[in-house]
Structures are given as structure tokens and as C-alpha cells.
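Single-structure report; data block below.
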Number of protein chains: 2
Amino acid sequence: MRRNLRPHTPMLRLTKKADYGLMALKYLAEQAYLAEQAGSDARNSGARSAKDIAEAYHIPPQLLAKILQTLARAGLLLSHAGTNGGYALARAAADISAFEVIRAIDGPLFITSCITIHGTCDLAGHCTIKEPLRKVNDSITDLLSGISVADLIEPADQLPAPMAGGLISIER
Amino acid sequence: MRRNLRPHTPMLRLTKKADYGLMALKYLAEQAYLAEQAGSDARNSGARSAKDIAEAYHIPPQLLAKILQTLARAGLLLSHAGTNGGYALARAAADISAFEVIRAIDGPLFITSCITIHGTCDLAGHCTIKEPLRKVNDSITDLLSGISVADLIEPADQLPAPMAGGLISIER
DNA sequence: CAATCTCCGACCACTTTGGTCTTGCTTCCA
DNA sequence: TGGAAGCAAGACCAAAGTGGTCGGAGATTG
């Protein structure tokens, strides 16, 4: 008997907040590009208010506002208060990695509960699988670090080899 | 007062249950190897009760029992009820991937909330970042699929190049 | 038969997540 | 000069997921 009615338990996923953050950054990157091409006054080039971004993607405005504040606090965005204010990228879109965004919003990511900030393990002596999993963790970190916000704009081109066959050289 | 001093929010991690499951499988793989070497009767070679495994790793026995049941239902373990019963690997340790274990326990893993089982996106038309993230998702899947339970036994040897420099060929 | 062990569902406490609301502060412009 | 537009920063809340426990039912062996 199959129970497909379950809500869905997708573990090992990033939160909706991180999703929203990535979408917002992508949007701002596009706006910056358009503003640069249009040659408009470089003052607020590409700056958009939280409300505008929220409406563009149908995201709860208040929630997105908090996410953007977090991103600004992390130094990924510049905020400008007041009329015609808003957020703009603090750096070039190519210099902001998906890893930075996710870490800023969701905190440090560790694939296993063993690995903490200091590398200590809750299960102290009895956990024997943390070394292989740490390699997986590092690989995912590298993977996300290699993807920039600028990469999110291109739909599906310019990716010569989506996957090669294994980042870790373990063969079975 | 049990105060859990865990301030950080480690997202993108697998659950403790998956950790326990991997540890249990590793343990059973070791037992199977020892039993095979000792040349004992191959009947219950390497079979151990849930209680034994739980004690070996200081895991709550009832919780581990449920995890092992899940693994048995997924076809990764063989269960044998009754006195001197227990669990044993259903296949060779080299033929059970970490991906199978995690999927069996935590369910299908999708890095973004966009990607569901049917590939549909909650944010229907307005989510524009799912294609790049799907590649990340596939890469992680491949990564975990390439690691077998047998690989967990070796501490940290025989891994020529822990990481090469990028599974996805995106350069920034 | 009795002890042992798996099986299975219900149940519970706690944490995290997603989201809202309120209040304040800054900037611009009519 | 006073709003209006916008960010900043809390508290707050409901729903869901996680980790863990309990107790009974059924199978297997001695």
C-alpha cells in the first residue's frame, strides 16, 4: 500500500528563505545589468524596493524584507532608506556565490549532525562515519561556492558538462 | 533542566536518523566481514539485533529499531524475528550506496523547495532559479550515489583526490 | 510454553520554519 | 516642513518536522 498522501518530507534541502534570497539577488542582478545598459544615472543603478521584488515573484513582502535585511547585514546587499530607496547588489553579480547567500540566510551548513563548528562530534567517540561525510560536506560547499548569482541568470546554456561522474574519487 | 546549547541553525543537513542508519549499516558491514572471515555458518552471518547496535553506538534503542525497520522495508536490510534474530545486510556492502540509505530514511532529497516529485514548482511561473539548482541537486545525488557502505569502513585512506575543483564547470 | 526479538502504530516534547504585525528611523520631495 | 516612501528590528504565532518513548502484536527458537 502506497501512501502518497504524505505532505512531503524532503530533507537535505535549503529553506524557502534561501530560495527567496537567491531569487531576489538574481532579480537585482538583472536590474543592475539593465540599468547599466540603459546608461541611466548610476546613482541607484538597479536598486529596487523590497515590495517591488516581492510583487514580481509573489513572495510575502514582509518575509522578503527580513531576508533582504539579513543579506544586507551580511554585506551582500546595500540598502538605501527613504523615498525611491531600496536594495542593490553590494558587489558584482559574478562575485557573489550561492554559498554565501545560503550561509547568510540559513547559517553554516553541515551535512551531518556530527560536524559542528569546532569539528567536535555529539557522539564523541562512537561516531565513525564523520570523515567520509565531511568530504561530502566539503564537496557540496565547493559546488555551491562555484556558482555565482550571475550564473543564475543564464537559463541552461554554457554548462559544458553538467556532471562528470564523481567529485570524490571513491570507486566501488 | 536539559538545556540544549545549540544556537546555530544548520540547514542543508541530513537528519540524525540518517546518521544513525549509516552507522548501523557500517556496523553490520563490519560484522558481515568478520563473520565471513571466521568461516562461521553462513546462516546468520553478521546478523545483529537492534539492541546490540544501539548499545555499540549509544543510540536510543527504540529509535534505532524504527530506523532499521525502515531500512528493511526499503530492501536494504534483511530482518529475522525471534530468538537470536536481528538484521543483516540484504546485499554486499559495496552495493549499498549512501544515497539509498538517506533516501530510504529521510525521503527523496531536493535541494530546493521548487523541485517536487513531479518537477512542478510551488512558485509556478515565477521561479526562475530552479534550473541551476536542479544541477546542484543532481550533483549531490551523484556524489552520494558514488559512496557505498563499504567505503564508510575505511577511515581516511585510499581517497586519491578528495576534491578536484568543481563538479559543475561553471567558472566565474 | 516461554523467552527473545522484530514489527508497527500511536503518542509526545521540542525545535524550526514561514509568515504577520507593530513600532521606529531615515531619506526625499512637494 | 511635514509627510510619504522606504528600511530596521523586534515580538509573536501557527504549522510542520524531528527526536524519542511506549505498549502491544506477531514470529522464532530452545
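Naming convention: chains lettered A, B, ... in sequence-line order (proteins, then strands); numbering from 1 in each chain.
Between Gly82(B) and Gln62(B), it is Gly82(B) whose nearest contact on DNA chain C lies nearer the 5' terminus. The 5' end of DNA chain C is approached more closely, in terms of each residue's nearest nucleotide, by Ser79(B) than by the other of Ser79(B) and Pro61(A).
Straight-line distance from the CG atom of Asp19(A) to the P atom of dG18(C): 9 Å, rounded to whole Å. Between the C1' atom of dA5(D) and the CZ atom of Arg48(A) lies a distance of 15 Å, rounded to the nearest Å. Rounded to an integer number of Å, the gap from Leu68(A) CG to dG6(D) C1' is 12 Å. Here dG19(C) presents its P atom at 17 Å from OH of Tyr57(A), a figure rounded to the nearest Å. Here the P atom of nucleotide dC13(D) and the NZ atom of Lys66(A) are 14 Å apart, to the nearest Å. Nucleotide dC7(D) holds its P atom 13 Å from the CG atom of Leu71(A), rounded to whole Å. If you measure from atom CD of Gln69(A) to atom P of dA11(D), you get 14 Å, rounded to the nearest angstrom. Rounded to an integer number of Å, the gap from NZ of Lys16(B) to C1' of dG20(D) is 10 Å.
Ala50(A) comes within contact range of the sugar-phosphate backbone alone, with a heavy-atom separation under 4.0 Å but no base atom that close.
Residues Ser148(B) and Asp151(B) bring a donor and an acceptor atom of their side chains to less than 3.5 Å of each other.
The side chain of Lys17(A) lies closest to dG18(C), out of dG19(D), dG18(C), dA4(D). Distance from the side chain of Leu63(B) is smallest to dT21(D) among dG6(D), dT21(D), dT6(C). Of the candidate nucleotides dT28(D), dT21(D), dT26(C), dT26(C) has the atom nearest to the side chain of Ala81(A). With dC29(C), dC7(D), dT28(D) as the choices, the nucleotide that has an atom nearest any side-chain atom of Asn84(A) turns out to be dC29(C).
For the pair Ile59(B)/Ile53(B), no side-chain contact is recorded, criterion being any heavy-atom separation below 4.5 Å from C-beta on. The shortest distance between side-chain heavy atoms of Leu133(B) and Asn137(B) does not fall below 4.5 Å.
Under 4.0 angstrom from either OP1 or OP2 of dC28(C) there lies at least one side-chain N or O belonging to His80(A). In terms of phosphate contacts, Arg73(A) brings a side-chain nitrogen or oxygen within less than 4.0 Å of OP1 or OP2 of dA9(D). Residue Tyr20(B) places at least one side-chain N or O under 4.0 Å from the OP1 or OP2 atom of dG20(D). Between Tyr87(B) and dC7(C) there is a side-chain polar atom (N or O) within less than 4.0 angstrom of OP1 or OP2.
Put simply, the residue from Leu77(A), Ile96(A), Val149(A) that forms a side chain to side chain contact (heavy atoms under 4.5 Å, CB included) with Arg91(A) is Ile96(A).
Summarising the geometry of Ala65(B) relative to Tyr87(B), their closest heavy-atom pair is O-OH, 4.1 Å, with the distance given to 0.1 Å.
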